[in-house]
Amino acid sequence: MRIYNTLSGQKEEFVPLKPGTVKMYVCGPTVYSFIHIGNARPAVIFDSFRRYLEYRGFSVIYVQNFTDIDDKIIKAANAEGISPKTLADRYISEYFKDSCALGIKPATYHPRTTDFVDNIKEFIAALEKKKFAYQRGNDVYFDVSAFPSYGALSHRNPADMRAGSRVEVNENKDDPLDFVLWKGSKPEEPKWESPWGEGRPGWHIECSAMSTTLLGDAFDIHAGGNDLIFPHHEDERAQSEALTGKKWVSYWMHNGMISVKDEKMSKSVGNIFSAREALKVYGKNTIRMYLLSKHYRSPIEFSPERMEEARSAFSRISRVINEVDKKIGHDFKVVEDEFVKTQRSKMIEVLDDDFNTPQALSLIFDLVSEMISTEDTEKIKKIRFLLDEWNYFLGFDFEPDRKNADELVDLAIKLRNDARMRKDYKQSDEIRKKLEDYGIEVMDSPEGTKWRWK
RNA sequence: GGCGACGUAGCCAAGGGGUCAAAGGCGAGGGUCUGCAAAAUCCUUAUUCAUGGGUUCAAAUCCCAUCGUCGCCUCCA
């Protein structure tokens, strides 16, 4: 199995630290509003990869955090006149609604920054002791110059960055590249007691502290959007490796951005499409098809046209499956033969190569076509069996979409009433009988015809 | 300005030195089916991989240059 590692810039053979177990940390959202489809991408694909790893026989410990203390949360909470905790609680709960609707399995751990403040303080104190951090006023900064490989993950040179004009200048810092570990408190902000005075954690330190606490000093995969490579992940890596003196993360995985009209979808640009809206308009299957049909590291365009394409593509698979299920029923347990083994090894081959989901879908479309064209019921069952097996990591719902069922029943009721008006009771009774067969109870009343599912 | 990625059919998208006269999807055109229509199904749809050089027996795949697009360098998934 090969995984592209941002640190080395190439695909590497995947060797977990402990055979059979994968420890994986994925950067989760800052919970100050609903997530948008761009936030949903890493959530969906890394969950899918996690399940693929499980499919491949690994036991996966999967951590996804919530950043629940941050400037934007404080600002949003103050604007509403509620506490940051109340606001964060709300959007964490909304996050779970969306992620569940997207078919994402809950992580093994969902840590929140505010539950790890003690760990964070210990972490900072240890860095300070090792001379990687220094205090200025009530702030504590990480000393980048003390960490020689700073810039290795994002492939940049600290000297170039210092020369660049866009690095902020902060009087407090010894070096513009240094970053804050602990922020001295300001009025109207949540604060915690600390050796450096009242304050709160900086952004980057939380992931280092939470991952170390939950996964240990070293773990296998750290993932997130590629906009986090610098400075977030660069800084996390510096802190963690400075503290332990050991290699922290084996494989860094970063997904590409979702764009709208050639511009990155982001809350600051304002071109966002919420996951909830997308779920409502397109549904889980279309969204998953859309996200899986392009390689995770590439940028992907979000547009109604793309989504319609994904919808059509998914329906090709689902309608064939529904057709087949009507024919063979749901009992498609099969004997493992050469055909099954060959197809399975093809699937494993493409996904083992840095999770090539477009290629995986291509295999599925080929098999779906074969399912239509073959007369061999056993072969159909085998394909159906494999599709079911693979759906563990693809996460589709192949069950027919009943969204429009109510409208169809209304139409049938109308036709029945038209027949009643014509006094064509043979026809109307026939419709009522048919509806009953489908589990729909029809009741005529003075206020009109009512119906319900039995 | 610095760093990085990308440019494959009408559109989306794999491939990444020979097995490629390039997967798969969407769309489009034609056939079958059909009272009509739709659906379904079958067939067709890139001598070519941004452009120009180079390396090689061999390049979409490697190297250089040019053009174009995007991302990061500030919060961001």
Side-chain angles (χ1 to χ4, degrees), chain A residues 4 6 9 11 26-30 32-33 35-46 64-65 67 70-73 75 95 151 153-170 176-177 179 203-204 223-234 253-272 275 289-303 305-317 319-320 323 346 350 353-354 356-369 372-373:
Chain A
Y4 180 91
T6 305
K11 289 181 194 171
V26 180
C27 278
T30 300
Y32 67 103
S33 67
I35 60 163
H36 62 253
I37 195 79
N39 300 311
R41 186 178 194 187
V44 168
I45 58 151
F46 291 120
Q64 186 190 51
N65 70 294
T67 298
D70 146 284
D71 289 347
K72 290 188 293 287
I73 291 174
K75 201 177 152 202
Y95 172 84
L153 179 67
S154 54
H155 304 287
R156 14 186 123 201
N157 182 318
D160 289 348
M161 286 190 279
R162 289 191 185 96
S165 56
R166 297 189 63 188
V167 176
E168 81 182 274
V169 178
N170 177 328
L177 295 185
F179 54 91
W203 178 35
H204 314 300
N226 70 193
D227 55 350
L228 296 180
I229 296 172
F230 190 88
H232 190 51
H233 288 167
E234 191 70 69
M253 296 181 71
H254 295 280
N255 64 275
M257 296 294 103
I258 291 185
S259 65
V260 179
K261 293 193 174 69
D262 289 336
E263 189 174 27
K264 175 181 165 184
M265 180 184 287
S266 85
K267 284 170 182 164
S268 48
V269 178
N271 56 350
I272 56 170
M289 177 58 77
Y290 162 72
L291 292 173
L292 294 172
S293 63
K294 190 160 179 179
H295 187 87
Y296 75 94
R297 278 188 281 117
S298 302
I300 186 170
E301 168 89 12
F302 180 85
S303 70
E305 292 76 25
R306 292 286 80 75
M307 297 309 284
E308 284 309 323
E309 257 182 46
R311 193 207 296 273
S312 300
F314 175 76
S315 81
R316 173 165 174 78
I317 298 176
R319 71 171 179 249
V320 171
E323 194 79 10
K346 277 191 197 169
V350 300
D353 184 14
D354 198 30
N356 193 333
T357 55
Q359 196 93 65
L361 288 172
S362 162
L363 278 173
I364 285 176
F365 281 109
D366 284 343
L367 288 173
V368 162
S369 297
I372 299 166
S373 53

In whole Å, measure the gap between the [atom1] atoms of [N] and [M] for me.
N     : M     : atom1 : value
B:A14 : B:G24 : C1'   : 7 Å
B:C64 : B:U55 : P     : 15 Å
B:G16 : B:G1  : P     : 34 Å
B:U41 : B:G54 : P     : 49 Å
B:C20 : B:G15 : P     : 16 Å
B:A21 : B:C26 : P     : 26 Å
B:U69 : B:C75 : C1'   : 24 Å
B:A59 : B:G52 : P     : 15 Å

By the 4.0 Å heavy-atom rule, please label [X] as base, sugar-phosphate, or nothing.
X      : result
A:M265 : base
A:D262 : sugar-phosphate
A:I229 : nothing
A:N356 : sugar-phosphate
A:G224 : sugar-phosphate
A:G9   : nothing

Give me the stems containing RNA chain B, sorted by first residue, counting only three or more consecutive Watson-Crick or G-U pairs with both distances under 3.5 Å; say none if there aren't any. B:1-7 with B:67-73, B:10-12 with B:24-26, B:27-32 with B:40-45, B:50-54 with B:62-66

Any donor and acceptor pair, going by atom type alone, linking the side chain of [X] with main-chain N or O of [Y] inside 3.5 Å?
X      : Y      : result
A:E234 : A:L153 : yes
A:S362 : A:P358 : no
A:R41  : A:G256 : yes
A:N271 : A:K264 : yes
A:H232 : A:D227 : no
A:N255 : A:R297 : no

Kindly indicate whether the side chain of [X], heavy atoms from C-beta on, has any atom under 4.5 Å from the side chain of [Y].
X      : Y      : value
A:L361 : A:M289 : yes
A:D262 : A:E301 : yes
A:E309 : A:R306 : yes

Taking atom NZ as the centre, does A:K75 end up with more than 12 heavy-atom neighbours from other residues, nucleotides or ligands that are less than 6.0 angstrom away?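 For A:K75, atom NZ is not crowded (no more than 12 foreign heavy atoms under 6.0 Å).
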
What do you reckon, is CD of A:E323 surrounded by more than 12 foreign heavy atoms closer than 6.0 Å?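 Counting neighbours around CD of A:E323, 12 or fewer heavy atoms of other residues, nucleotides or ligands fall under 6.0 Å, so no.
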
Between [N] ([atom2]) and [X] ([atom1]): distance, integer Å:
X      : N     : atom1 : atom2 : value
A:H232 : B:G71 : NE2   : C1'   : 18 Å
A:D354 : B:G16 : CG    : C1'   : 14 Å
A:L177 : B:G2  : CG    : C1'   : 13 Å
A:N65  : B:A77 : CG    : C1'   : 11 Å
A:I258 : B:C70 : CD1   : C1'   : 15 Å
A:K294 : B:C11 : NZ    : C1'   : 12 Å
A:D227 : B:A77 : CG    : C1'   : 5 Å
A:M307 : B:C11 : CE    : C1'   : 16 Å

Given the rule in the side chain to side chain donor-acceptor pair (under 3.5 Å) test, do A:K267 and A:S33 qualify, once you have shown the distances and angles that lead to the verdict? CA-CA 10 Å; A:K267 284 170 182 164; A:S33 67; 3.3 Å; yes

Does A:E301 or A:K261 map to a spot on RNA chain B nearer the 5' end, using the closest nucleotide for each?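 Its nearest nucleotide being more 5', the pick is A:E301.
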
Would you mind telling me which residue lines up with the more 5' stretch of RNA chain B, A:M257 or A:V320, judged by nearest nucleotide? A:V320

For nucleotides 3-6 of chain B, tabulate all protein N/O to nucleotide N/O atom pairs closer than 3.5 Å, reporting atom names and distance.
unit_1: B:C3; atom_1: O2'; unit_2: A:H155; atom_2: O; d: 2.9

Identify which nucleotide among [options] has an atom closest to any side-chain atom of [X], counting heavy atoms from C-beta outward.
X      : options             : value
A:F230 : B:U69, B:C73, B:A14 : B:C73
A:S373 : B:A77, B:C42, B:C73 : B:C42
A:N39  : B:A77, B:C75, B:G71 : B:A77

Tell me, for nucleotides 19-34 of chain B in 5' to 3' order, what letter each nucleotide earns: B for a base near a protein heavy atom under 4.0 Å, S for only sugar-phosphate near one, - for neither? ----BSBSS-------

Parallel, tilted or perpendicular: ring planes of A:Y290 versus A:F302, cut at 30 and 60 degrees: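 Rings of A:Y290 and A:F302: perpendicular, over 60°.
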
Parallel under 30°, tilted from 30 to 60°, perpendicular over 60°: which one fits the rings of A:F179 and A:H204?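 Perpendicular: the ring planes of A:F179 and A:H204 meet at over 60°.
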
Is the phosphate of B:G71, meaning OP1 or OP2, less than 4.0 Å from a side-chain N or O of A:K264?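 For B:G71, neither OP1 nor OP2 has a side-chain N or O of A:K264 closer than 4.0 Å.
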
